[in-house]
Amino acid sequence: MLDVTYIRNHAEHVKEGMRNKGEENSGIVDQLIEVDEEWRSLVKKTDDLRSESNTKAQKIGELMGQGKKDEAQKIIEYTSKLKQEIKEKEEKLNVLKKDRGKLLLQIPNVPHESVPVGSSEEDNEVFKTWGTPAENDWRIPHWELVEEQGWIDFERGAKVTGAGFPFYVGPIAKLQRALINYFLNKAGEQGYTELQVPYFINEDSARGTGQIPDKEDMMYEIPRDEFFAIPTAEVPVTNFHRDEILQKENLPLKYVAYTPCWRREAGSYGKDVRGLNRLHQFDKVELVKMVHPDTAFDELENLREYAESLLEELNIPYRTLLMCTGDMGFTQTKKYDLEVWSPAQQRWLEVSSCSNFGSFQARRMMLRFRNDEGDTEILHTLNGSGLALPRVLAAILEIYQQEDSSIEVPEVLQPFMGTETIGAE
RNA sequence: GGAGAGGUGGCUGAGUGGUCGAAAGCGCUCCCCUGCUAAGGGAGUAUACCCCCCAACGGGGUAUCGAGGGUUCGAAUCCCUCUCUCUCCGCCA
């Protein structure tokens, strides 16, 4: 969420940001300011009354101690009335506070000035293209290949759990493990601390990173224990330091975690979600940074370059998009997407998303650091996939496909695989 | 799942209804003295929010002793609910 004081002082800017993100109802900014004002004035009144009541209660204590019961009794009568008044004010205060909080959670992060204004994916800017996207020649789509070779079993996955929960079999299971190891090792070399994290999170954590109240439909719920299955490692990792005050010397904090991710993907169907294009459970290596506010945008470029380097080492053609205001999401202030080329589908597939959230997530989480003045200050958070597995796998299955339906193992993965090809007879 | 014990500031640890946001010690910061090592003295040292000008400095106030609610003029202290930790039993990779 944004800082209320900031919203108060930059109302027009916040509203413009909302409109640019495609949020029509920017009137909630005015609503918020109104409710906030009312709340603040009532806080003042209530605190004053409490102050008076506290002073009087102390006085009563003194009088009681001196045995002046009659005098004390008089004050007690007065403070009893005060108490009633305070209670009324407190009830009103609670309502206002709740309203204020609700409104605050509905206001999205403001896009950075460097972000192109636009309403849909068509307005995203191609920031960079690397490699040459291959023609659709003799290659067959990855889903046909894996079925032919028995490498991924979608049907048995559907039997055991449901659509979008595939089994990976034999060499492809191993290839995924190789990718995970490769990604984790690379991140480790870059100074990211590896974490193994809980796969279920509670409601506070979901709110901290912004899955609630905006996107709860994306998550699987475990109602009996009031958990959500993580839609991305971003949630547990970013919440790792929730409600903490970090030392400035320790910034930036950089974490990497491999986890499965679960997403309901309600409403998705059709040819675009065939094969590995979209799954309910998939593997991902996620990078999270907690940084000093001054360095956040540099850290974003750095994060993007790192994710790009992974694809370059895998020798997979990709392009980087700078997401426009309308396509970037509620919590981000700036976001890049990395997309790999699927030759058989002749389309781009998103494999990474690198975002700067500014203080938006950190404020919800009360994630702070102590600055040079010794004051607490909200720090900034970023995250990026490094990388999401299934679509990278899909790209490998198509790009590294040989005419005999075998797969050449990308060079950087060979040490993990112990072989140069998969499926060759 | 059952039984019991317990959650106090950066840490240790006092405090069982009144001047307690909280003793003391440790740690940390600054100052003074001393001046090899060591030691001594003083001051400061939680977080959030509100107000004083939506700035800085400074000042004032409120809330917070695991969380929420209740009793009371007054709660760290009493009552209820929840939560977490520890011990024992049960179950189990």
Side-chain angles (χ1 to χ4, degrees), chain A residues 1-14 29-30 32-101 103-105 107 196 198-208 222-227 236 239-250 359 362-379:
Chain A
M1 65 188 181
L2 294 171
D3 180 16
V4 190
T5 311
Y6 180 85
I7 296 175
R8 227 187 290 150
N9 295 338
H10 305 85
E12 274 318 307
H13 188 228
V14 171
V29 172
D30 297 319
L32 171 71
I33 292 173
E34 207 172 294
V35 171
D36 178 61
E37 202 154 308
E38 207 178 324
W39 173 76
R40 279 184 298 131
S41 102
L42 193 59
V43 164
K44 172 71 177 149
K45 282 180 204 154
T46 312
D47 282 357
D48 286 348
L49 288 178
R50 280 176 181 153
S51 174
E52 191 184 351
S53 160
N54 286 345
T55 316
K56 292 276 196 292
Q58 225 172 67
K59 183 80 182 160
I60 291 167
E62 271 172 49
L63 292 172
M64 292 295 223
Q66 295 164 8
K68 299 177 182 169
K69 280 200 174 166
D70 290 349
E71 274 184 60
Q73 193 51 43
K74 265 188 196 167
I75 305 179
I76 286 174
E77 277 165 33
Y78 176 71
T79 46
S80 297
K81 275 185 223 156
L82 257 189
K83 194 187 164 192
Q84 191 53 38
E85 202 176 334
I86 290 172
K87 199 165 184 178
E88 282 165 21
K89 290 231 186 318
E90 276 175 344
E91 276 164 21
K92 219 163 148 191
L93 208 54
N94 277 336
V95 173
L96 284 171
K97 193 178 171 185
K98 229 177 233 174
D99 289 349
R100 180 176 177 270
L103 288 167
L104 205 46
L105 286 176
I107 297 174
Q196 286 191 331
Y199 293 167
F200 302 130
I201 44 143
N202 58 30
E203 202 180 305
D204 285 343
S205 297
R207 190 174 298 106
I222 297 147
R224 183 168 172 180
D225 297 293
E226 297 186 316
F227 294 147
N239 276 282
F240 187 49
H241 290 294
R242 171 151 53 87
D243 289 323
E244 290 183 25
I245 300 172
L246 305 170
Q247 290 309 307
K248 183 172 174 274
E249 304 82 70
N250 296 335
S359 60
R363 184 167 294 105
R364 282 191 194 186
M365 284 189 280
M366 289 302 275
L367 178 47
R368 294 155 292 169
F369 70 100
R370 207 169 284 288
N371 65 21
D372 290 332
E373 284 75 47
D375 299 325
T376 61
E377 191 175 331
I378 308 282
L379 48 75

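Throughout, a chain's letter reflects where its sequence line sits, starting with A, and its residues are numbered from 1.
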side-chain contact (heavy atoms from CB on, under 4.5 Å) involving A:Gln196 - partner list, sequence neighbours excluded: none
Pairing residues for A:Lys248 by the side-chain contact (heavy atoms from CB on, under 4.5 Å) criterion, not counting sequence neighbours: A:His292, A:Phe369, A:Asp372
Any residue meeting salt bridge (Lys or Arg N to Asp or Glu O under 4.0 Å) with A:Asp3, in chain and number order, not counting sequence neighbours: none
Dump the pairs, protein N or O against N or O of nucleotides 91-93 of chain B, anything under 3.5 Å, distances to one decimal.
none

Touch class at under 4.0 angstrom, heavy-atom based, for A:Ile245 against every strand present: sugar-phosphate
Pairs satisfying salt bridge (Lys or Arg N to Asp or Glu O under 4.0 Å), at least one member in residues 58-71 of chain A, at least two apart: none
Under the side-chain contact (heavy atoms from CB on, under 4.5 Å) test, residues paired with A:Ala72 that sit two or more places apart: A:Ile60, A:Leu63, A:Met64
Listed partners of A:Arg100 passing salt bridge (Lys or Arg N to Asp or Glu O under 4.0 Å), at least two apart: A:Asp36
Modelled atom types, side-chain donor and acceptor of A:Ser205 and A:Asn202, under 3.5 Å: yes
Between B:C52 (P) and A:Lys45 (NZ): distance, integer Å: 13 Å
B/S/- contact track for nucleotides 78-84 of chain B, protein heavy atom under 4.0 Å: -------
Contact letters for nucleotides 62-74 of chain B, in which S counts primed atoms plus P, OP1 and OP2 and B counts the base, heavy atoms under 4.0 Å: SS--------BBS
side-chain contact (heavy atoms from CB on, under 4.5 Å) partners for A:Glu244, two or more places apart: A:His241, A:Leu246
Side-chain donor-acceptor pairs of residues 84-91 of chain A under 3.5 Å, sequence neighbours excluded:
residue : atom : partner : partner atom : Å
A:Glu90 : OE2  : A:Arg50 : NE           : 3.2
A:Glu90 : OE2  : A:Arg50 : NH2          : 2.7

Spacing between A:Glu38 atom CD and B:C51 atom P, to the nearest angstrom: 14 Å
Partner nucleotide, any strand, of B:U62 [Watson-Crick/G-U, under 3.5 Å]: B:A48
Sidechain-backbone polar pair: A:Ser51 side chain, A:Asp47 backbone, donor-acceptor under 3.5 Å: no
Qualifying residues under salt bridge (Lys or Arg N to Asp or Glu O under 4.0 Å), relative to A:Glu12, sequence neighbours excluded: A:Lys15
Strand partner of B:A3, provided both Watson-Crick or wobble distances fall under 3.5 Å: B:U87
